[in-house]
J.: 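Attaching a single structure in structure tokens format; questions to follow.
Quantities reported herein were computed from a predicted structural model and do not represent experimental measurements. Order of appearance sets the numbers: ligands from 1, and atoms from 1 within every ligand.
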Amino acid sequence: MSVESLFPRLEALLPKVQKPIQYVGGELNSTVKDWDESTVRWALMYPDAYEVGLPNQGVQILYEILNELPGTLAERTYAVWPDLEALMRSEGVPQFTVDGHRPVRAFDVLGISFATELGYTNMLTALDLAGIPLLAADRTDDDPIVLAGGHAAFNPEPVADFLDAAVLGDGEQIAIAISEVIREWKEEGSPGGRDELLMRLAESGGVYVPRFYDVTYHPDGRIQRVAPNRSGVPWRVQKHTVMDLDEWPYPKKPLVPLAETVHERFSVEIFRGCTRGCRFCQAGMITRPVRERSITTIGDMVEAGVRASGFNEVGLLSLSSADHSEIGGLAKGLADRYEGTNTSLSLPSTRVDAFNIDLANEFSRNGRRSGLTFAPEGGSERMRKVINKMVTEDDLIRTVTAAYSQGWRQVKLYFMCGLPTEEDADVLGIADLARKVIKAGREATGSRDVRCTVSIGGFVPKPHTPFQWAAQADHETVDRRLKALKDALRGDKEYGRAIGMRYHDGKPSIVEGLLSRGDRRVGAVIRAVWEDGGRFDGWSEHFSYQRWIDCAVKAGIDIDWYTTREREENEVLPWDHLDAGLDREWLWQDWQDAVNDVEVEDCRWTPCYDCGVCPTMGTEIQIGPTGKKLLPLTVV
Ligand code: SF4
């Protein structure tokens with residue numbers, strides 16, 4: 001059955017809203033496939049505004065892969081701003097895709113990519129505007145399967161009641177497998193309706209269907225057990241791991257936004273996973289093992305992507321890009337190729353060492369030497385041992401001295417506040433470090449024209465990390481420490497003016513903490529916040545801490561119990577039935593090692609220390625020289 005475009009109705013509303021261009025679609029490399037010729041139709045959502053959502057790599061990759069599949073189409077939808085939401089409600093215009101402007105409810109799957117938990121209320125807005133019941137249990141055969149992915153999906157329990165399904169890990173292969181299950185089911189005449197489709201997905205072992213699991217609780221509120229309530233459903237659902245990135249060279253044709261977006265560049269992921277073992281880093285833990293993309297594929301992707309998009313900046317993405325085993329050759333090859341052109345290269349890497357500066361020097365051949373970023377994360381040597389960020393003060397000073405003496409004038413340092421075992425002195429250590437950085441810079445350059453910015457984020461303990469058992473610091477403690485740090489920097493007559501400080505107060509981290517380690521009961525708070533007008537919680541101008549507190553009280557949820565409470569080893573955690581491959585005993589041991597300041601090496605270069613991922617997932621670390629060359633690249 002054909003589906004009409006909503007554009008004529010939407011167009012009438014656009015003159016009345018801010019940035020209407022974000023809703024019109026038609027970007028270079030966007031795709032609108034024939035509706036009737038497709039059997040399986042996906043609406044892919046990034047639950048934030050277009051300017052944040054469009055550059056998202058995960059959505060762009062799936063969009064392209066699914067649209068390449070015969071008989072399958074994929075379109076994109078983003079969170080609409082409150083001004084358009086109000087008009088859509090009054091005029092009865094439902095949530096639409098920006099490609100074909102088709103109603104989201106008409107699709108088979110609404111796949112939502114959650115990079116953070118702060119998009120949960122935006123998901124509810126989209127469901128409601130689409131006319132899809134908020135609760136999965138209320139949906140009918142006419143509604144799409146609402147499917148979550150992305151890093152937050154490694155604990156989807158707080159939104160379990162709103163989801164039909166969730167997938168963990170890399171999306172490329174599982175998106176195709178899900179399409180195949182849906183295609184077969186539809187071609188058979190949709191036997192057993194929605195329930196049977198979900199059962200087929202759950203039985204495949206690669207899709208988590210929350211309704212097929214019951215959660216029971218102890219009288220004190222802790223979880224007693226999470227167990228399947230049907231036969232054929234696995235006790236634990238495993239994450240997906242793409243083992244050969246060269247087989248999946250996406251995006252090939254990056255989307256070029258029409259409106260301004262947060263990143264306007266072509267990004268190529270140069271490897272996936274990280275085994276450095278930073279204990280706070282959920283991304284590093286859940287994306288193991290390391291899998292490098294070969295230097296030749298990266299070169300081909302850069303060349304084809306630049307040609308297809310016209311972007312004049314290329315970003316080489318990964319969790320720690322300077323760690324690619326062939327990054328030196330890659331940097332030189334690309335810098336040679338694009339020297340003298342208007343294409344610049346960037347390497348979002350925060351490793352603290354001189355090699356990183358060599359790379360930055362290569363990449364800045366074509367542009368300005370603005371700023372270099374390093375991430376010591378902890379303000380004191382002790383703190384860095386706790387979080388397993390193996391950077392000494394000497395390393396940092398040596399690195400910044402090299403940077404300043406090679407012409408860089410601005411250094412940015414990332415830290416966290418509220419880390420496990422942290423004391424006031426650890427945070428004040430950030431001021432000491434920043435002073436030493438400026439002192440080193442002045443000595444290296446013989447000039448006072450050097451600057452350092454410290455950027456401080458609130459630490460949130462995340463599922464599937466060694467800190468999943470830790471007590472989160474309350475926001476009063478975080479705010480007090482940040483104020484003391486600010487005062488220390490302000491009061492420093494010699495160095496203070498050369499040091500900038502950027503930070504957020506501790507309140508948003510508490511809400512993020514509630515959503516990160518929450519269980520199914522937290523869904524009531526999310527719904528209450530949304531009903532009270534909560535939208536765009538990742539945006540400070542829209543976020544209301546008081547609203548979250550009030551709604552938690554109303555829902556009978558004790559936020560402290562979920563955030564500032566340390567968990568015992570044997571407590572059943574809400575995500576224990578979701579398998580990121582990490583051995584629970586190893587995670588616990590790593591948590592004990594953290595408390596005792598014991599560090600763990602990177603298993604890329606030292607023997608395996610049995611975190612569990614490789615044997616559980618049937619995977620292995622893939623690094624090392626390929627013996628290939630980046631060339632031939634077209635000489636410009
Ligand atoms: S199983 Fe061993 S080699 Fe694989 S990621 Fe874990 S520690 Fe590294």
J.: Who pairs with Trp605 by ring pair (Phe, Tyr, Trp, His ring centres under 6.0 Å), at least two apart in sequence or on another chain?
T.: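 So Trp605 forms no ring pair (Phe, Tyr, Trp, His ring centres under 6.0 Å) with any residue.
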J.: Suppose we screen for ring pair (Phe, Tyr, Trp, His ring centres under 6.0 Å). Which residues come up paired with Phe271, at least two apart in sequence or across chains?
T.: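 Phe271: no ring pair (Phe, Tyr, Trp, His ring centres under 6.0 Å) contacts found.
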J.: Could you tell me whether Arg291 and Asp244 have a side-chain N and a carboxylate O separated by less than 4.0 Å?
T.: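 No, Arg291 and Asp244 are not salt-bridged.
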J.: Do any protein N, O or S atoms sit under 2.8 Å from atom 2 (Fe) of ligand 1, and which ones are they?
T.: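 Under 2.8 Å from atom 2 (Fe) of ligand 1 - ignoring waters, which are not counted - the protein N, O or S atoms are Cys608 SG.
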J.: Checking Tyr562 now: which residues fulfil ring pair (Phe, Tyr, Trp, His ring centres under 6.0 Å) with it, not counting sequence neighbours?
T.: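 With sequence neighbours excluded, Tyr562 shows a ring pair (Phe, Tyr, Trp, His ring centres under 6.0 Å) to no residue whatsoever.
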J.: Are there more than 12 heavy atoms of other residues, nucleotides or ligands under 6.0 Å from atom OH of Tyr609?
T.: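 Yes, the 6.0 Å shell around OH holds more than 12 heavy atoms from other groups.
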J.: Measuring centre to centre across the rings, with the benzene-like ring taken for any Trp, is His151 within less than 6.0 Å of Phe114?
T.: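 For His151 and Phe114, the ring centres are not under 6.0 Å apart.
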